[in-house]
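Worksheet for the structure shown next.
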Amino acid sequence: MLKGKHVLLGITGSIAAYKAAYLTRLLVKEGAEVKVVMTAAAKQFITPLTMATLSHNPILVEFFDPENGQWNSHVSLGLWADIYLIAPASADTLSKMACGIADNLLLTTYLSARCPVMAAPAMDLDMYAHPATQESLRILRKRGVSIVEAASGELASGLEGKGRMEEPEIIVERIKELLDGVPVRQESPSVRTLAGRRAVVTSGPTREAIDPVRFISNHSSGKMASAIADELALRGADVTVVSGPAAVYPSSPEVEVQNVITAEEMYRATVREYDRGCDITVLCAAVADFTPASPSSTKIKKDGSRMILELLPTKDIAAAIGERRRSGGVIAGFALETDNARSNALSKLSRKNMDMIVLNSMGDPGAGFGVDTNKVTVFRRDGTSQDVPFGSKKEVAAAIVDNIENLLERGC
Ligand code: PMT
């Protein structure tokens with residue numbers, strides 16, 4: 001899939017620079033043409049000779065070659081590349097990228113690149129966790145740079161923690177996904193990438209009373225919505241769940257739960273929370289579409305005759321949120337379909353004015369109501385989609401939140 005692609009690899013000063021050699025081999029094996037830009041510090045960690053041999057191209061470090069005065073144009077490098085991958089990306093380089101500092105060829109190329117840019121950070125755990133580094137990463141994500149989260153493990157310092165550059169095989173997969181239009185997955189959600197964001201999630205079924213003992217409802221357990229709420233909270237968002245009478249609730253103590261029973265109550269609570277200011281709205285509840293027109297205040301007696309129940313449509317919460325939408329936030333809905341799944345989901349996406357819709361089909365075994373697993377397709381407003389493979393609702397929730405984050409970073 002990388003055949004003929006131009007990959008510009010930027011290497012910065014980090015112990016993980018040794019992995020750039022293997023990364024280059026993998027890219028070349030995949031058929032990509034690789035050119036390498038190094039910072040002066042990177043040369044201390046891996047030699048230009050190694051990188052030139054593996055990439056089959058001369059290495060670029062300076063703005064011009066001191067031997068012959070040949071100019072290395074950062075502009076033409078940026079135009080040549082289909083993707084600019086900075087791996088390893090040191091704290092210093094990330095911070096300079098975020099500030100727009102252009103004091104070496106790698107950075108000037110970043111500022112002039114028109115292609116997608118991806119960075120794979122590598123540093124010590126405390127440097128990685130430092131608010132300054134996290135702020136740089138947040139700024140870069142917001143500007144569209146795809147960040148391949150650092151992995152956890154043993155670090156060059158001897159300490160254990162998060163900061164290792166992700167493995168080359170995984171970075172190559174991320175490049176393929178990015179060039180294919182799929183948002184980059186956040187491998188580890190332990191970094192609070194959604195800190196400062198407010199989220200509202202609807203969950204579970206609603207109940208519509210027929211009389212004091214009977215109601216209309218459905219099989220939603222609240223598992224999918226709870227997994228999403230926990231994932232959002234894990235990434236630092238301030239999460240409120242508006243839940244109908246569900247079997248499962250979020251496990252994170254940081255998530256606020258507001259209990260409701262009917263579609264009308266869920267409508268009021270969700271709209272109120274949205275109006276309080278909300279960056280992320282996930283409409284995962286299976287809201288009853290109809291409610292009895294005149295519920296009986298006493299138990300309806302059975303007298304052997306046929307009974308016809310008149311139903312009225314409930315308010316559509318997703319559509320109401322879609323009407324009130326504010327710029328900069330993400331509205332994500334769900335579609336549960338039995339037939340014409342794709343076209344029905346796409347029609348709900350546009351009719352309800354949402355940014356993305358998650359389709360789970362009743363036809364897929366292990367997907368939808370009640371079970372601990374799911375298999376979904378995420379359709380986005382811009383026409384792109386992602387098939388999220390069968391997995392636990394927790395894994396599927398992580399992929400859904402990755403999509404939400406990606407949309408937030410792009411300002412939708
Ligand atoms: O709770 P689980 O057992 O884990 O199951 C998860 C789930 C199957 C319930 C969940 O994944 C799911 O698909 N939820 C949405 C189910 C649904 O009602 O789909 P829909 O196609 O009827 O509705 C489309 C969208 O409009 C949904 O985002 C829904 O929340 C929203 N809606 C629908 C009706 C209504 N009156 N108000 C709404 O907001």
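One is the number of the first residue; the rest follow in order along the sequence. As the structure lists them, so they are numbered: ligands from 1, and atoms in each ligand from 1.
- Within the 4.0 Å heavy-atom shell around ligand 1 one does not find M354.
- Heavy atoms of D316 found under 4.0 angstrom from ligand 1 belong to the backbone as well as the side chain.
- Of all atoms in ligand 1, listed by their number and element, those nearer than 4.0 Å to a heavy atom of T314 are 36 (N).
- Here the side chain of T314 pairs no donor or acceptor atom with the backbone of A263 at under 3.5 angstrom.
- Between A263 and ligand 1 there is no heavy-atom distance shorter than 4.0 Å.
- Distance alone, capped at 3.5 Å, places no donor-acceptor pair between the K375 side chain and the V388 backbone.
- In the candidate list R351, K352, M362, K352 is nearest to atom 33 (C) of ligand 1, counting heavy atoms.
- For ligand 1, the atoms sitting less than 4.0 Å from at least one non-hydrogen atom of C284 are 9 (C), 10 (C), 12 (C), 14 (N), 15 (C), numbered in the order shown with element in parentheses.
- Using a 4.0 angstrom heavy-atom cutoff, T202 does not count as in contact with ligand 1.
- At a threshold of 4.0 Å, the pair K19-E167 counts as salt-bridged, since one of the basic side-chain nitrogens sits closer than that to a carboxylate oxygen.
- The CG atom of L194 sits 9.0 Å away from atom CD of E231, with the distance rounded to the nearest 0.5 Å.
- Short contacts between ligand 1 and K393, defined as distances under 4.0 Å to a heavy atom of the residue, involve ligand atoms 2 (P), 3 (O), 4 (O), 5 (O).
- Of the protein's heavy atoms, F334 O, 2.9 Å lies nearest to atom 27 (C) of ligand 1.
- In terms of protein heavy-atom proximity, atom 34 (C) of ligand 1 is closest to D289 OD1, 3.3 Å.
- In the vicinity of G368, heavy-atom distances shorter than 4.0 Å reach the ligand 1 atoms 5 (O), 8 (C).
- Between the choices A318, A285, A227, the shortest heavy-atom distance to atom 29 (C) of ligand 1 belongs to A285.
- Salt bridge annotation for K5-E33: absent, with no cationic side-chain nitrogen under 4.0 angstrom from a carboxylate oxygen.
- In this structure, the protein non-hydrogen atom closest to atom 21 (O) of ligand 1 is K348 NZ, 2.5 Å.
- Regarding atom 11 (O) of ligand 1, its nearest protein heavy-atom neighbour is N360 OD1, 2.6 Å.
- Near G370, meaning under 4.0 Å from one of its heavy atoms, ligand 1 places the atoms 2 (P), 3 (O).
- Counting protein heavy atoms only, atom 18 (O) of ligand 1 is closest to A286 CA, 3.5 Å.
- For atom 2 (P) of ligand 1, the closest non-hydrogen atom on the protein side is S221 OG, 3.3 Å.
- Here the side chain of D211 pairs a donor or acceptor atom with the backbone of R214 at under 3.5 angstrom.
- Applying the 4.0 Å criterion to heavy atoms of A335 picks out, from ligand 1, the atoms 21 (O).
- Looking at atom 6 (C) of ligand 1, its nearest protein heavy atom turns out to be M224 CB, 3.6 Å.
- Under 4.0 Å is where a charged nitrogen must lie from a carboxylate oxygen, and between E409 and R138 no such pair does.
- Contact of the F334 side chain with the I357 side chain is not registered, since no non-hydrogen atoms from C-beta on lie closer than 4.5 Å.
- Summarising the geometry, atom CD1 belonging to I171 is positioned 13.0 Å from atom CG belonging to L178; distances are rounded to the nearest 0.5 Å.
- Without hydrogens or angle criteria, N344 side chain to D339 main chain gives a donor-acceptor distance under 3.5 Å.
- Shortest contact from atom 35 (C) of ligand 1 to any protein heavy atom: V287 CB, 3.5 Å.
- In this structure a side-chain-to-backbone donor-acceptor pair under 3.5 Å is present from T24 to A20.
- Not a single N or O atom of A225, backbone or side chain, sits closer than 3.5 Å to an N or O atom of ligand 1.
- Residue G333 has at least one heavy-atom neighbour below 4.0 Å for each of these atoms of ligand 1: 28 (O).
- Using a cut-off of 4.0 Å between Lys/Arg side-chain N and Asp/Glu carboxylate O, R141 and E149 are scored as salt-bridged.
- Of all the atoms in ligand 1, the ones that sit under 4.0 Å from a non-hydrogen atom of K223 are 1 (O), 2 (P), 4 (O).
- In this structure, the side chain of D279 does not engage the main chain of G328 through any donor-acceptor pair within 3.5 Å.
- Remark: D372 does not engage K394 in a salt bridge, criterion side-chain N to carboxylate O under 4.0 Å.
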